[in-house]
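The structure under discussion appears below in the form of structure tokens.
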Amino acid sequence: MTTHDARRLPARHPEDVEHLDGAARGELRLPFCRTCGRPFWPAGPVCPRDFSTDVAWLTDPGRGTVTSWVRFHKRYYDGDAVPYVVVQVTLDSGPRLTTSWTGADDPRAGEVVMVSFRHLGRGAYLPEFGPADRH
Ligand SMILES: [Zn+2]
């Protein structure tokens, strides 16, 4: 678990509060559509599939696979440790997240991953993913 500069704390936009508060509890909270019954991401007031506004939240198990990844060698913010890896994870439930990588080795496309939660400071957490066999 890494702590970052306070200026990098996520903004608490109304559509993200449930997700951020869930992360602080160790839960991956995602919006889901009550009309088609499927979770989606990013969060918003409308289902991207059928435009239903009948949206609620669920706790996702946080298991998925690596779809793609990239290693950044440039420091964009003070306090960032470089290089660092960002992955795209397709959750077993469907949504695709762009997120931080916790693995010691490079991710592999198709690798099974599990969520964990990174403390950013001042009670703020974000989900991140790493190899499922280490959880
Ligand atoms: Zn829907």
Side-chain angles (χ1 to χ4, degrees):
M1 198 171 274
T2 306
T3 301
H4 286 277
D5 183 0
R7 79 178 177 169
R8 299 217 38 222
L9 296 179
R12 291 181 60 85
H13 299 295
E15 62 271 17
D16 295 323
V17 167
E18 180 68 23
H19 180 72
L20 296 172
D21 288 351
R25 297 188 306 267
E27 299 174 355
L28 182 60
R29 299 284 288 167
L30 298 176
F32 82 97
C33 172
R34 290 185 208 233
T35 301
C36 67
R38 294 160 64 180
F40 61 91
W41 189 257
V46 176
C47 173
R49 290 181 194 88
D50 56 26
F51 308 112
S52 170
T53 57
D54 190 4
V55 173
W57 289 82
L58 57 72
T59 300
D60 191 274
R63 185 179 182 277
T65 56
V66 172
T67 306
S68 185
W69 64 277
V70 63
R71 177 185 293 116
F72 287 89
H73 294 273
K74 179 178 177 180
R75 179 174 290 113
Y76 290 94
Y77 298 98
D78 291 342
D80 275 349
V82 290
Y84 61 95
V85 173
V86 173
V87 290
Q88 270 201 335
V89 171
T90 301
L91 295 170
D92 290 353
S93 61
R96 184 174 291 172
L97 309 179
T98 301
T99 183
S100 296
W101 177 246
T102 64
D105 301 320
D106 288 344
R108 299 181 317 273
E111 182 172 0
V112 178
V113 293
M114 280 298 295
V115 71
S116 60
F117 299 91
R118 179 185 299 203
H119 186 220
L120 302 173
R122 300 194 323 199
Y125 290 79
L126 280 178
E128 58 187 6
F129 285 79
D133 58 5
R134 295 190 199 148
H135 282 76

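All ligand and atom numbering here is 1-based and tracks the order in the structure.
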(request) Kindly state whether the ring of H19 and the ring of W41 have centres lying under 6.0 angstrom apart. (result) yes
(message) So for atom CZ, which belongs to R108, do other residues, nucleotides or ligands contribute more than 12 heavy atoms lying within a distance under 6.0 Å?
(response) no
(message) Can you see whether T67 engages T90 through a side-chain donor-acceptor pair at a distance of less than 3.5 angstrom?
(response) yes
(request) Output, by chain and residue number, all protein N/O/S atoms separated from the Zn ion (ligand 1) by less than 2.8 Å. (result) C33 SG, C36 SG, C47 SG, D50 OD1, D50 OD2
(request) Decide, yes or no, whether a salt bridge links R63 with E111 under the criterion of side-chain N to carboxylate O below 4.0 Å. (result) no
(message) Taking the basic N atoms (NZ, or NE/NH1/NH2) and the acidic carboxylate oxygens, is any pair closer than 4.0 Å for D60 and R29?
(response) no
(message) Do V89 and L58 land in one hydrophobic cluster if side-chain heavy atoms of ILVMFWY residues count as linked below 4.5 Å?
(response) yes
